[in-house]
Amino acid sequence: MANTAHNPESVCRKVHTLVLGSGAAGLNAALQLRNNGVEDIVVVTEGLQMGTSINTGSDKQTYYKLGMYGEEKDSPESLAQSFYSGGSMHGDLALVEAALSPRAFFNLVNIGVPFPRDRYGQFVGYKTDHDPLQRGTSVGPYTSRKMCQHLIRELKQREIPVVENRVAVRLLTLGEGNEKRACGAIVMVNDPGQQNDGAFETYLADNVVFAVGGPGGIYKTSVYPEVHTGAIGLALLAGAKARNLPDSQFGMASIKFRWNVSGTYMQVIPRFISTAEDGVSDEKEFLLPYFSSVGAMNSAIFLKGYQWPFDTRKVVEGSSIVDILVYIETVLKGRRVFLDYRSNGEGFDFNDLSEEAYTYLQNSEALFGIPIERLAKMNQPAIDLYADHDIDITTEPLEIAVCAQHNNGGLAGNLWWESENIGRLFPIGEVNGSHGAYRPGGSALNSGQVAGFRAAEYIANAYGNYELDEDAARKAGKEAIAELQETLRKGGEQGRDWREHREEFQTRMSRAGAHIRSQEGLRAATEEAWRQWAEMRENGNKCAPDNPREAIEALRNVQLCFTHAIYLEAVRKAVESGVGSRGSTLVLDRDGTPAHPMLDEEWRFASEDTNFRNVVLETAPSLEGEVTQEWVERRPFPAFDAWFENAWAAFRKGEIYY
Ligand SMILES: Cc1cc2nc3c(=O)[nH]c(=O)nc-3n(C[C@H](O)[C@H](O)[C@H](O)COP(=O)(O)OP(=O)(O)OC[C@H]3O[C@@H](n4cnc5c(N)ncnc54)[C@H](O)[C@@H]3O)c2cc1C
C-alpha cells in the first residue's frame with residue numbers, strides 16, 4: 001500500500017480494495033478477497049470492537065443455513081424459495097444467498113466457530129421464524145460475536161491490514177449518472193492521545209467494499225448497540241440507489257442495556273408493569289384489562305418468547321398486541337414499562353395457561369415459583385448477562401420498549417453485491433437491502449457472509465487490475481476535505497448543537513417512521529425532516545472547537561440526518577401507495593381492522609396488499625430532497641443450465657461474471 005501524504009494533516013493512501021467496516025460481513029469480505037488473490041487490501045474501521053455483530057446477540061442468536069441433518073431434504077432452490085416467499089426479494093439474490101449458504105457456513109466452521117454438531121459430524125438445526133424446515137443454528141447468545149472473533153483471528157494470521165479508530169465521513173466517487181463509480185473514502189482519525197487525532201485521511205481505491213452495517217443511529221428507541229450508528233448515509237449522499245428501505249424489524253428490548261427480551265425472558269412469564277415517569281409511582285399491570293382472563297394474558301406473554309418481532313399478522317387476538325400496548329404506555333402516555341421477575345402477576349395460576357405454555361414449562365421442569373426462579377432454572381446465563389451489565393433482575397425490574405432492530409432493506413446491489421448505480425461500490429451485510437417484507441430469522445447473518453464471497457470473487461475476476469484515475473480521485477479527495485472543513489467551520493459559528501440535532505431526528509424517526517405509521521404522521525415528519533436537513537446543510541452542527549470527538553459526531557450527524565429523511569420518504573411512499581401493514585410495520589387507517597375492541601378508533605389498521613410482494617421499492621436520493629421512487633417488478637428466479645459441460649465451459653471462460 002503506497003503512502004502518499006499530500007499535506008501535513010492529511011494522509012492519502014492508495015489501495016486496490018478498501019473494505020469499510022469490520023462487522024461479520026466486512027471481515028469475511030477481507031478474508032475472501034485474500035483467498036481470491038487480491039493482496040492489496042485494507043480494512044478501515046471505527047474499531048474491531050465496534051458495530052452490531054460483535055456487540056449484540058439474543059437469547060439464542062440464530063444463523064440460518066441450508067438444512068444438512070439426517071433425512072432432511074433441502075436444496076439451494078428450496079432454501080431460495082424460503083427467502084423469496086418472504087416477498088419483495090429479487091429471485092436471483094434469493095438463489096445466490098441459498099447457493100452460497102453451505103460455503104459460507106463451512107467457512108465459519110473451518111475457522112473454528114463452534115456451531116453444534118453431533119458425534120457423526122452432522123449439523124443439527126432448529127426451526128426459526130418463517131422457516132419450513134429446521135435450518136436455524138446457533139452458538140448461543142453471541143453467535144455473531146463469535147463469528148467476528150474467529151474472523152479477526154484469521155485476518156491476523158493472514159496479516160491482512162486493519163486500520164482502526166477511523167470514522168468514514170465521505171464516500172468518494174468519480175463521474176456522473178450511470179458512469180459514476182466509487183474511488184475511496186475520507187475518514188477522520190478518532191484516536192485520543194495520538195498526534196493525528198482528528199486529522200482527515202484519504203483512502204483512494206479501485207474498489208470499495210462498503211460494510212458499515214444497519215442504520216441504528218437514526219432511531220431513538222433502538223436495540224442496535226449504542227456504539228453503532230451505521231453509515232448508509234455516506235452512500236445515499238453520493239447518490240447510491242436504495243431498495244426496500246421501509247421494511248425493518250422491531251421488537252421489545254431492554255433499554256438501559258440494549259438486548260432483545262425474547263426466548264426465556266418471556267417464557268418464564270414476567271409481570272408486565274408500567275409506572276409514572278419517575279419509574280416508581282403509580283404502578284399498574286397495564287396489560288390485564290385487554291385480555292379476557294389472566295391466563296390469556298400470561299399465555300400471550302409466553303408466546304412473545306418465540307414470536308419476538310412485532311408482527312402485524314399477530315396483532316388481532318395474537319401476541320403482538322402486547323407490543324402495541326407497550327408502545328401506547330411508553331410513547332403515547334409517556335409512562336415507563338418494566339418486566340418484573342420478582343413476583344408473579346396478580347391472579348397468576350399455572351392451570352390457567354394455554355396448553356402450549358403449560359406443556360413447555362412442564363417439560364422444562366419450571367412449573368413452580370416466581371419468574372426469576374423459573375429463569376434461573378431454565379436459563380441462568382440470561383440472568384448473568386444483565387448482571388454483567390450492572391442490572392440485577394433478581395432485585396430490580398427491567399425497563400423495556402419496542403425498539404428498532406434490523407433493516408431488511410438497504411442499498412440496491414446486483415447479484416455480485418455491486419451497487420446498481422455506482423460502479424465498484426459493493427454494499428454488503430446489513431447495509432445491503434437484499435431482503436424484503438419477511439425473512440427467516442438468522443438470514444441476516446447468512447446474507448452478510450454470502451455477500452463477502454460474492455463481492456470478493458467478482459472484484460478478483462472482473463476488477464482485478466489497477467484502473468483508477470488516481471489524479472482525479474486525489475483531486476476529489478482534496479475537494480471533499482475542504483468541504484468537510486467548511487462544514488465544521490460553519491457549524492462552529494452558527495449551527496445548533498449536534499446533540500440537539502440528533503435528538504430531533506432520532507425522536508422523529510422513532511415516532512413516525514418506526515413500527516407504527518400513519519399517512520398524516522409521515523407527511524408532517526418528512527416535511528420536518530427536510531427542514532432540518534436544509535438547516536443542517538446551511539449551518540452545520542455546533543460542536544466544541546478542537547475536540548475531535550465532537551467534530552466526528554457533528555459530521556456523523558450530516559449523514560444520519562440525510563438518512564432519516566430518505567427513510568421517511570420511502571416509508572411515506574410505501575404507506576401512500578397502499579402497501580398496508582406488513583412485516584413489523586403497522587399502518588394506522590380509520591377504515592381498517594380494529595387492533596383490539598378496547599382501543600380507540602385510531603387503532604384501526606390497514607391490511608396488507610399482497611400484490612406489493614411482487615415488487616420492490618427503489619429509492620434514489622438527491623441532496624436537494626428530490627427523491628425518485630419507483631416500484632419495480634422483482635426479478636424472477638433465474639433459469640439455469642444444469643448441464644455440467646455447459647456450466648463448466650461458462651465458468652472456464654469467465655462468462656459467469658458478465
Ligand atoms: C439485538 C439484535 C439481535 C440480532 N439477532 C440476529 C439473529 O439472531 N440472527 C441474524 O441473522 N441477525 C440478527 N441480528 C442482525 C445482525 O446481527 C446484523 O444484521 C449483522 O450483525 C450486521 O453485520 P454487518 O457486518 O453488516 O454490520 P456491523 O456488524 O454493524 O458492522 C459494521 C461495521 O462498520 C463500521 N462502521 C460503521 N460506520 C462506520 C464509519 N462511518 N466509518 C468506519 N467504520 C464504520 C462499524 O464500526 C462496524 O465495524 C440482530 C441484530 C440485533 C441488533
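Read the numbers this way: they start at 1 and go in the same order the structure lists the ligands and their atoms.
Where the criterion is an N or O separation shorter than 3.5 Å, residue side chain and backbone included, Ala168 meets it with respect to ligand 1. Checking only distances, Gly230 never comes within under 3.5 Å of ligand 1, N or O to N or O. At under 3.5 Å, a nitrogen or oxygen of Ser22, whether backbone or side chain, sits near a nitrogen or oxygen of ligand 1. Taking only nitrogen or oxygen atoms, main chain and side chain alike, Tyr224 does not reach within less than 3.5 Å of ligand 1. Residue Arg556 has no nitrogen or oxygen atom sitting less than 3.5 Å from a nitrogen or oxygen atom of ligand 1, judged on distance alone. Looking at ligand 1, you won't find any N or O of Gly429 less than 3.5 Å from one of its N or O atoms. Not a single N or O atom of Asn260, backbone or side chain, sits closer than 3.5 Å to an N or O atom of ligand 1. The shortest N or O to N or O distance between Gly442 and ligand 1 is below 3.5 Å. Among the atoms of Ala211, some N or O lies under 3.5 angstrom from an N or O of ligand 1. Looking at Gly21 next to ligand 1, no N or O pair under 3.5 Å apart turns up.
A salt bridge is defined here as a Lys NZ or Arg NE, NH1 or NH2 lying under 4.0 Å from an Asp or Glu carboxylate O, and Glu399 with Lys256 fails to meet this definition. In summary, Lys14 and Asp40 do not engage in a salt bridge, as defined by a charged side-chain N under 4.0 Å from a carboxylate O. With respect to Arg166 and Glu201, a salt bridge is recorded, a charged nitrogen being found less than 4.0 Å from a carboxylate O. Using a 4.0 Å cut-off between charged nitrogen and carboxylate oxygen, Asp247 and Arg439 do not count as a salt-bridge pair.
At a 4.0 Å heavy-atom cut-off, ligand 1 touches Thr56 through the side chain alone. The backbone and the side chain of Glu430 each have at least one atom closer than 4.0 Å to an atom of ligand 1 (non-hydrogen atoms only).
Note: Tyr265 and Tyr386 meet the aromatic proximity criterion, with ring centroids under 6.0 Å apart.
One option in Glu46, Gln61, Arg166 has a heavy atom closer to atom 17 (O) of ligand 1 than any other, and that option is Gln61.
In this structure, a donor-acceptor pair under 3.5 Å is present between the side chains of Ser82 and Arg135. Inspection of the Thr264 and Asn379 side chains reveals an N or O donor paired with an N or O acceptor under 3.5 Å. Under the 3.5 Å distance criterion, with hydrogens and angles disregarded, no donor-acceptor pair is assigned to the side chains of Ser434 and Arg243.
For ligand 1 and Val167, the ligand atoms under 4.0 Å from any heavy atom of the residue are 41 (N), 42 (N).
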Validation: residues 103-113 side-chain donor-acceptor distances under 3.5 Å, sequence neighbours left out:
{"residue": "Asn107", "atom": "ND2", "partner": "Asn28", "partner atom": "OD1", "Å": "3.2"}
{"residue": "Asn110", "atom": "ND2", "partner": "Phe106", "partner atom": "O", "Å": "3.2"}

